[in-house]
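The structure appears below as structure tokens.
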Amino acid sequence: MSTAVLSTCPDCTDSVPVPAGTRVSSIVVCPACKVELEVISLEPAEFALAPEIEEDFGE
Amino acid sequence: MLAVLTTRVRLEERLLLDALERRAVPHEVVDDRSLVVELQSGTPTRYTGVFNRIMSHTRSVYSAHLFEASGHRVVNSSHVIELCGDKILTSLALVRAGLPTPRTVVSVTPDAALRAVETVGYPAVVKPAVGSWGRLLSKINDRDAAETVIEHKQAMRSPAHSVFYVQELVDKPARDIRAIVLGDRVVAAVYRRSEHWITNTARGATTEPCALDPDLVDLALRAAKAVGGGMLAVDLIERSTGELLVTEVNHTMEFHGLAAVADVDIADLIVDHLEEVLFR
């Protein structure tokens, strides 16, 4: 769990807020470049570009 | 210790993990991208049960098999995942159980696809056997459209897209129904409403509460039983005559739309069910 913190987008380097309650493997959207980011660690927050949704993803 | 297999932590996983923490259920999140299993020795860690929330059908089936082979009880089971993740196998199970479903015709080659479509008649709907969120669904209004879709799917040169699952387009009232089944109980249902013919929340459908009338409950329970039972989301549509048809049974249910309007805490009920089947 994390309180709201800021870290940077690996694509555009702009700051990305991490809402409280975010967990590792959550997906957030960079507000600047709109790319989907996967949260790979918390405190400090780190992001990677989110893996693409694959053809057999679903429910 | 419960293993929670995940791919991404979406709203559903967050609610489920919050519920597990709130109730002090010991658990470990296992990212499916980290999973390595030597078949002779089994999974490296021994868990008291496995809760499968993997998003990929392929990865979900194999992971369930790997844990089951190591003596774990997996919810849902590999058998249920195999049936529910494949629309052809789901429909066969529903038809075998005598449940009302849309008229469905299957061809296993593009060569026979036009005949499959014209057996159903126009308008028809072509769906990929494996897939979700309303992706790659085609509504086919006439022979020109049928020939185009068949040619395009053939050009994908994928064995999966060379199999054609064709259904009648049901004249439903701009909505479908999702009923959540946990074991032998239907715990909630919602209407998913959209003016688009695809009434999926991943495609923008909105939800509103749906009363659990006895016919709906009976049909949802029979559909769940037909695929092996467990923790399932049964999707149904209504004909203009009011007749209810079962369209799908989902094994890794999403419930963000339902959670927004239901008067029950779905995540909490799911954890109740997990504790009941895995720990008691």
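Every chain is numbered from 1 and lettered A, B, ... according to where its sequence line falls, protein lines coming before strand lines.
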field: Among V9(B), T7(B), V29(B), side-chain contact (heavy atoms from CB on, under 4.5 Å) partner for S25(A)
entry: V9(B)

message: Tell me whether R33(B) at atom CZ has more than 12 heavy atoms from other residues, nucleotides or ligands lying less than 6.0 Å away.
response: yes

message: I'd like to know if the side chain of E59(A) reaches the main chain of E254(B), judged simply by a donor and an acceptor atom lying under 3.5 Å from each other, with no hydrogens or angles considered.
response: yes

message: How long is the straight-line distance from CG of D56(A) back to CD1 of I54(B), given to the nearest 0.5 Å?
response: 11.0 Å

- prompt: So which part of L17(B) gets closer than 4.5 Å to some heavy atom of chain A, the side chain, the backbone, both or neither?
  reply: both

CZ (R185(B)) with more than 12 external heavy atoms under 6.0 Å: no

- prompt: Heavy-atom distance under 4.5 Å to chain B: side chain of V24(A), backbone, both or neither?
  reply: backbone

message: How long is the straight-line distance from OG1 of T6(B) back to CZ of R23(A), given to the nearest 0.5 Å?
response: 10.5 Å

field: Residue among H57(B), E248(B), R14(B) with most heavy-atom pairs under 4.5 Å to chain A
entry: H57(B)

task: For residues E54(A) and R59(B), determine if any side-chain heavy atom of one lies less than 4.5 Å from a side-chain heavy atom of the other.
output: yes

task: Could you grab the distance from atom OG1 of T58(B) to atom CD of E55(A), nearest 0.5 Å is fine?
output: 9.0 Å

message: Is D31(B) in contact with chain A via its backbone, its side chain, both, or neither, using a 4.5 Å heavy-atom distance?
response: side chain

- prompt: More than 12 heavy atoms of other residues, nucleotides or ligands under 6.0 Å from CD of E52(A): is that the case?
  reply: no

message: For G58(A), is there any backbone N or O sitting under 3.5 Å from a side-chain donor or acceptor partner on R135(B)?
response: no

